[in-house]
Amino acid sequence: MDHFEIKDGVMHAEGVPLTRIAEEAGTPIYVYSTATIERHVRVFREALAGIADPWIAFAVKANPNRAVLATLAKAGLGADVVSGGELMRARAAGIPAAKIVFSGVGKTAEEMALGLKEGIGQFNLESVEEAEMLSEVATSLGLTAKVAFRINPDVDAGTHSKISTGRADDKFGIVYDRAVAAYARAAELPGLDPTGVAVHIGSQLTDLTPSRAAFERVGVLIAELRAAGHTITTADLGGGLGVPYNPAVPAPPSPADYGAMVADVTAGWDVRLIFEPGRVIVGNAGVMLTRVIRVKEGKTYPFVVVDAGMNDLLRPSLYDAWHNIRAVEPNGDTFIANIVGPICETGDTFARSREMDKVEAGDLVAFMTAGAYGATMANTYNSRGLVPEAIVSGEEWAVVRDRQPIEALIEADKLPPWL
Ligand code: LLP
């Protein structure tokens with residue numbers, strides 16, 4: 001459920017008509033709903049009601065805007081970060097260091113030192129090599145790092161190949177059969193306190209079976225590690241729960257279904273569970289608002305050319321992702337069209353032969369479910385300034401990231417001395 005609804009013929013974000021935001025801040029622009037974000041936090045928490053003291057660490061990569069992170073900090077969430085930059089953004093938004101988990105396959109010594117000095121709650125390590133480096137960095141600072149190893153459970157999550165992470169040949173985690181040896185090595189390293197196990201098999205998961213299989217493997221490993229003398233106090237189950245993008249296909253399992261499955265599998269583990277939800281918290285809490293530049297005649301269907309491009313919303317081009325595309329002021333008619341951006345490549349196609357609200361030049365269009373992996377993946381391809389973001393709360397709204405002026409792009413380039 002979200003708070004983007006048509007009222008008096010105009011789509012609103014909570015109490016604010018999207019037409020007003022477009023007029024005052026221009027398009028394209030991302031618009032987030034505070035009430036929706038807060039609702040999703042509540043629903044996720046309620047789904048975990050059967051689990052003692054869950055540590056919910058929002059996956060910052062899904063939406064690192066400071067206003068969004070501050071909203072989540074206020075709601076009591078921690079953060080899952082995968083870079084020094086995400087760590088600093090989470091801290092700047094007021095997320096306590098102790099609630100931060102540092103994931104990621106390529107942490108550098110500098111990033112490790114940053115996390116150690118900040119005093120983050122846990123490092124999720126992806127290799128013995130990384131464990132050795134972290135131990136060195138920690139001892140040089142006179143600190144000890146609480147660590148988990150992310151294991152690769154060799155489970156196919158059944159999602160898009162580019163966002164599957166738990167198959168044996170994916171780059172993530174340590175080989176399951178070598179996990180016990182990895183913990184033995186970590187226990188010898190002076191700067192580490194190996195107290196956790198972590199797993200994450202992919203994103204936009206629409207079936208709980210692979211997650212259950214992966215979690216069961218974590219349970220077996222915890223027992224093996226304890227038998228080998230390790231003290232395991234946390235299990236990080238990652239993120240990945242899918243959200244409904246297309247109202248015409250069956251919805252993914254609900255947070256409640258997910259929570260019940262987790263409670264069932266983890267009963268008796270006697271650890272603190274960590275969750276790293278991203279999309280399920282912010283996905284449906286954002287839209288990308290764009291204006292139709294023109295409707296161009298096509299051979300079979302017309303092309304609706306909007307002022308947002310694949311640089312602003314990469315998901316359809318990268319993952320063939322399906323976003324619902326709706327008129328902000330629908331007139332009741334529909335048509336079949338191709339929706340494209342202004343960028344000079346065919347990949348800049350948001351939807352082909354899509355039945356949608358009939359729109360014409362000048363109309364506003366909303367790409368739904370764009371709050372996760374939208375603005376955060378935007379870039380400046382075709383020399384387009386980074387897309388701005390706004391957030392709504394009730395009747396109020398504010399721009400929380402300005403549109404990047406083209407002058408900023410020009411000034412960022414430096415000429416070499418010979419030119
Ligand atoms: N934890 C780890 C270690 C992750 O790698 C991810 C996502 C998450 C948590 C959060 O997953 P979520 O709950 O949001 O599914 N750009 C892609 C998604 C990439 C996800 C990467 N990792 C997309 O637009 O679909």
Side-chain angles (χ1 to χ4, degrees), residues 30 37 40-41 43-44 47-48 55-64 68 72 77-83 86-87 90 100-107 122-126 148-153 157-167 170-174 196-208 210-211 214 218 235-246 252-253 255 258 262 273-286 288 310 312-323 350 367 369-379:
Y30 279 84
I37 296 173
H40 291 169
V41 171
V43 167
F44 198 77
L48 303 179
W55 172 354
I56 307 177
F58 173 69
V60 171
K61 62 173 81 69
N63 191 323
V68 171
L72 295 170
L77 261 53
D80 161 53
V81 303
V82 292
S83 68
E86 286 192 352
L87 173 54
I100 296 179
V101 178
F102 199 153
S103 303
V105 77
K107 296 179 221 50
Q122 178 170 301
F123 285 88
N124 288 351
L125 301 177
E126 303 233 4
F149 275 112
R150 173 171 175 179
I151 56 145
N152 182 319
T159 184
H160 191 282
S161 174
K162 284 186 186 160
I163 51 175
S164 272
T165 56
R167 299 162 299 189
D170 292 332
K171 69 174 178 173
F172 296 99
I174 53 174
V197 179
V199 74
H200 171 80
I201 60 166
S203 196
Q204 186 54 17
L205 308 180
T206 54
D207 174 8
L208 293 177
S211 297
V218 169
D236 184 336
L237 302 182
L241 185 59
V243 301
Y245 281 95
N246 184 343
Y258 172 82
V262 169
L273 293 178
I274 305 173
F275 298 88
E276 302 173 350
R279 191 186 317 259
V280 77
I281 302 292
V282 293
N284 278 307
M288 183 182 68
M310 63 187 279
D312 302 306
L313 177 65
L314 205 44
R315 304 193 67 258
S317 154
L318 207 51
Y319 317 113
D320 299 316
W322 196 101
H323 284 264
F350 293 115
F367 282 65
T369 319
Y373 307 107
T376 180
M377 292 175 69
N379 58 68

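Every number for a ligand or one of its atoms is a count from 1 in the order of the listing. All residue numbers in this chain count up from 1 along the given sequence.
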Item to check | Proximity of His323 and Phe367 rings by center, below 6.0 Å | outcome: no
Tabulate distances under 3.5 Å between N/O atoms of ligand 1 and N/O atoms of the protein, writing both atom names on each line.
from	atom 1	to	atom 2	distance (Å)
ligand 1	1 (N)	Asp80	OD2	3.4
ligand 1	1 (N)	Glu276	OE1	2.5
ligand 1	5 (O)	Lys61	NZ	3.4
ligand 1	13 (O)	Gly240	N	2.8
ligand 1	13 (O)	Gly278	N	2.9
ligand 1	14 (O)	Arg279	N	2.8
ligand 1	14 (O)	Tyr373	OH	2.6
ligand 1	15 (O)	Ser203	OG	2.4
ligand 1	15 (O)	Gly240	N	3.4
ligand 1	16 (N)	Tyr319	OH	2.7
ligand 1	24 (O)	Arg315	NE	2.6
ligand 1	25 (O)	Arg279	NH1	3.3
ligand 1	25 (O)	Arg279	NH2	2.9
ligand 1	25 (O)	Arg315	NE	3.4
ligand 1	25 (O)	Arg315	NH2	2.9

Checklist entry - So, is the end of the Lys107 side chain (NZ or CZ) under 6.0 Å from the ring centre of Phe102 and within 45° of the ring's axis? => result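 Ring-cation test returns yes.
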Checklist entry - Would you say the side-chain atoms of Gln204 pair up with the backbone N or O of Leu241, donor to acceptor, closer than 3.5 Å? => result no
Checklist entry - Under the salt bridge (Lys or Arg N to Asp or Glu O under 4.0 Å) test, which residues partner Arg150, sequence neighbours left out? => result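 Arg150 satisfies salt bridge (Lys or Arg N to Asp or Glu O under 4.0 Å) with Glu126 only.
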Checklist entry - Can you name the ring-ring contact (aromatic ring centres under 6.0 Å, His included) partners of Tyr373, sequence neighbours left out? => result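 Residues passing ring-ring contact (aromatic ring centres under 6.0 Å, His included) with Tyr373: none at all.
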Item to check | For Phe44, ring-ring contact (aromatic ring centres under 6.0 Å, His included) partners two or more places apart | outcome: none
